Amino acid sequence: MALIGAIIKKAIELGHSLSSTKEFHEKQQRVLHELLVKAKDTQFGKFFQFQDILLGQDLSKAFASRVPFFDYHQMEANWWYRLHQGEENVSWPGKPAYFALSSGTTGKKSKRIPVTDEMLNAIRMAGIKQVGATANFNLPPSFFEKEILMLGSSTKLNQRNGYLEGEISGISASNIPAWFKGFYRPGEEISKINDWDERVLEIAKRAKEWDIGAISGIPSWLELMMKKVMDYHHAKTIHEIWPNLQVYTTGGVAFEPFEKNFNRLFAHPITIIDTYFASEGFLAFQERPDTRAMQLLVDNGIYFEFVPFEPENIQEDGSLVPDAPVLSLTEVQEEQDYVLLISTVAGLWRYVIGDTIRFTNVDRAEIKITGRTKFFLNVVGSQLSVQKMNEAMLEIEKQFDMTISEFTVAAIQRQGEYHHCWYLGTDSRLPAKKLEETLDHLLKEANKNYRVARSKALKGLEVRLIPSACFHDWNAQNKKKGGQVKMEKVMNENRFQKWETFVREWLNTHSSVNVEHR
């Protein structure tokens with residue numbers, strides 16, 4: 001009997017049952033009050049008169065009326081640049097311990113997000129809460145004695161302007177609690193290897209030494225890692241290497257498009273748990289097995305606000321209209337997309353993180369990520385969100401019995417007329433014309449704006465099939481493997497030209513690949 005595991009499981013169940021109150025609004029008001037009190041004497045707090053905001057009767061409304069929206073570039077240009085000049089108490093007391101590198105979309109210059117000691121503590125607390133939520137998933141006691149493989153960016157951080165910087169997965173892994181190190185794999189030595197391929201090779205070599213019960217990381221890179229481990233040991237499934245693997249904790253991107261490929265790597269189904277862990281903080285995790293939605297962490301150093309994701313609230317570059325309406329957690333509705341704003345213990349204020357979310361259960365504060373504010377195809381009024389695109393891809397997979405590992409789309413002009421050009425990453429060989437007709441029909445049925453656009457300015461769509469490996473190589477070229485990769489589901493025309501050039505060159509150097517490419 002797994003005696004230690006049984007004790008750990010019981011302790012988790014008890015701790016989780018004691019912290020399951022649902023007073024979300026009160027908790028959020030408390031978080032906002034604590035943030036304002038802590039930052040009132042910073043440069044940012046003095047400029048926006050946090051002391052006066054704290055005197056108001058309605059804290060949320062006073063905060064929203066005094067402080068404008070900020071995206072990364074506005075925070076960097078107006079405030080965070082001072083940190084790199086050696087100033088303190090800029091948007092949060094003192095100086096941040098780290099900067100998290102985040103490209104947001106591939107191929108762009110890295111953003112540098114402040115990571116304070118308070119944020120690291122909030123991330124640790126979120127991890128503990130997530131472990132506590134496993135009490136809801138009916139996992140056997142033996143699971144709690146197994147090791148956890150966390151595949152992210154390197155934990156070897158770089159010095160820059162007196163700070164340490166790296167991707168948030170590397171920063172958080174380099175700060176794991178001492179008690180967790182005995183469960184953590186691949187361990188500190190391998191995790192410090194900068195080269196992703198070399199790191200994965202070392203994981204493959206050591207894989208049989210570990211008793212892995214859970215894996216965690218971005219789906220695309222975990223898929224590649226597991227295939228490498230299986231190839232190295234000539235295994236048909238990953239369960240031949242790790243027979244006790246029972247849980248996969250995913251995050252960073254929607255998992256559904258990867259699910260078919262993942263299932264082929266397993267000998268039997270495993271429990272999938274979604275998380276919302278970004279460079280800006282640990283925002284939410286899946287708390288129960290009855291849904292794939294995630295519960296917002298409303299009492300952990302982050303204050304949330306929500307802007308309805310409607311055309312009148314969004315400017316052409318994806319930023320918010322300055323006077324866009326803002327809702328609190330008590331005002332949101334289910335099945336409505338919102339642009340997410342966060343204020344945090346790292347000195348982010350009314351910060352547009354760039355994601356759109358939808359509440360699936362307001363009473364439980366449960367959400368799903370539906371896309372990016374800039375991953376929104378609206379050149380000719382089609383108003384296609386990534387959520388609608390993902391749903392269409394899943395239906396295509398079902399109807400044609402195929403697997404689509406990645407996709408990207410752009411609105412391009414052909415002889416002065418607009419078309420949507422789709423690239424689907426798949427190893428299936430199917431007639432692109434039939435896929436075009438089906439995809440067009442699905443989008444018309446799902447989105448009335450797309451249907452109207454197709455009768456006017458949007459003259460058609462094109463579908464091109466390319467191997468999944470082409471997408472992986474594009475990501476590898478534009479972003480360090482193992483990092484927080486978010487494939488550009490929607491590209492602008494300039495970016496799309498670079499993508500098409502890359503695809504042509506890739507296909508020329510992989511001439512043995514059988515692919516329908518028109």
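One-based numbering along the sequence shown. Computed from a predicted model, the values in this text were never measured in an experiment.
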Return a table of donor-acceptor pairs under 3.5 angstrom between the side chains of residues 34-49 and protein atoms on other chains or two or more places apart.
unit_1, atom_1, unit_2, atom_2, d
K38, NZ, E118, OE2, 3.0
T42, OG1, A39, O, 2.7
T42, OG1, G45, N, 3.0
Q43, OE1, R82, NH1, 2.5
Q43, NE2, E87, OE1, 3.1
Q43, NE2, E88, O, 3.2
Q49, OE1, R66, NH1, 2.9

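Looking only at atom types and distance, the side chain of Q29 has a donor-acceptor partner in the side chain of S60 under 3.5 Å away.
Classified by interplanar angle (parallel below 30°, tilted 30° to 60°, perpendicular above 60°), the ring pair F99/Y163 is perpendicular. Ring-plane geometry between F306 and F359 is classed as perpendicular, the angle between the planes exceeding 60 degrees on a 0 to 90 degree scale with a lower cut at 30.
Other residues, nucleotides and ligands contribute at most 12 non-hydrogen atoms within 6.0 Å of the CD atom of E189. Environment of CD in E188: sparse, with no more than 12 heavy atoms of neighbouring residues, nucleotides or ligands closer than 6.0 Å.
We find that E259 and R292 are joined by a salt bridge, their nearest charged nitrogen and carboxylate oxygen being less than 4.0 Å apart. Looking at K129 and D299, a side-chain N of the basic residue comes within less than 4.0 Å of a carboxylate O on the acidic one, giving a salt bridge.
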Stepwise side chain to side chain donor-acceptor pair (under 3.5 Å) test for S174 and Y98: CA-CA 11 Å; S174 67; Y98 303 89; 5.0 Å; no

Side chain to side chain contact (heavy atoms under 4.5 Å, CB included) evaluation trace for K368 with T360: CA-CA 7 Å; K368 282 189 175 182; T360 60; 4.0 Å; yes

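Applying the side-chain hydrogen bond (donor to acceptor under 3.5 Å, both in side chains) criterion to Y338, with sequence neighbours excluded, gives no partner residue.
Ring centroids of W80 and F70 are separated by 6.0 Å or more, keeping the two rings apart.
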